[in-house]
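Report on the structure given below.
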Amino acid sequence: LSTIAASLSIGNLMVYGSSDDHYENHPCYKAGFAAGHSDSFNQTQQSDCGTTGNSHAYYEGFISGCISSGGGDYFACNSKTDG
């Protein structure tokens with residue numbers, strides 16, 4: 001039973017990691033990450049990125065950039081996205 005639980009845990013980590021890579025390599029994610037570092041969410045750019053089929057890439061990047069720059073936790077950074 002412990003072997004099954006260990007393999008399920010490893011499998012879940014691998015799936016989660018691959019979804020992160022999808023956004024981290026996306027130009028909208030990178031733009032959002034840079035904006036998060038400078039603490040300036042750009043609603044127009046968010047909308048433009050939404051038309052590419054990756055509507056969450058800019059937002060996810062902004063949140064990650066904001067948190068990593070010391071801008072606060074998820075809730076503090078998310079409040080900066082309200083237009």
Side-chain angles (χ1 to χ4, degrees):
L1 185 59
S2 63
T3 304
I4 293 170
S7 66
L8 288 175
S9 295
I10 292 169
N12 289 341
L13 289 174
M14 293 172 78
V15 169
Y16 182 76
S18 65
S19 66
D20 280 351
D21 292 342
H22 170 72
Y23 278 137
E24 288 176 6
N25 292 321
H26 193 279
C28 288
Y29 178 93
K30 291 179 181 181
F33 191 88
H37 267 268
S38 67
D39 201 27
S40 59
F41 186 81
N42 185 325
Q43 188 65 46
T44 301
Q45 189 164 9
Q46 161 69 25
S47 297
D48 290 346
C49 286
T51 63
T52 66
N54 290 295
S55 60
H56 289 57
Y58 182 85
Y59 171 80
E60 295 282 336
F62 180 85
I63 297 296
S64 295
C66 177
I67 292 171
S68 71
S69 70
D73 61 9
Y74 169 80
F75 297 105
C77 290
N78 184 55
S79 70
K80 297 174 186 180
T81 66
D82 298 333

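- Counting only distance, with no hydrogens or angles, the side chain of Ser79 and the backbone of Ala76 share a donor-acceptor pair below 3.5 Å.
- Taken from SG in Cys77 to CG in Asp39, the straight-line distance is 7.5 Å, to the nearest 0.5 Å.
- In this structure, the ring pair (Phe, Tyr, Trp, His ring centres under 6.0 Å) partners of Phe41, at least two apart in sequence or on a different chain, are Tyr58, Phe62.
- One distance of note links NE2 of His56 with SG of Cys49; it measures 12.5 Å at 0.5 Å rounding.
- At distances below 3.5 Å, not a single donor-acceptor pair connects side-chain atoms of Lys80 with backbone N or O atoms of Cys66.
- Atom-to-atom distance recorded for His37:NE2 and Ser64:OG is 9.0 Å, nearest 0.5 angstrom.
- Among residues two or more places apart in sequence or in another chain, the side-chain hydrogen bond (donor to acceptor under 3.5 Å, both in side chains) test is passed with Ser69 by none.
- Atom CD of residue Gln45 and atom SG of residue Cys28 lie 6.5 Å apart, to the nearest 0.5 angstrom.
- Listed by chain and number, the residues in a side-chain contact (heavy atoms from CB on, under 4.5 Å) with Asn78 are Tyr59, Ile63, Tyr74, Thr81 (sequence neighbours excluded).
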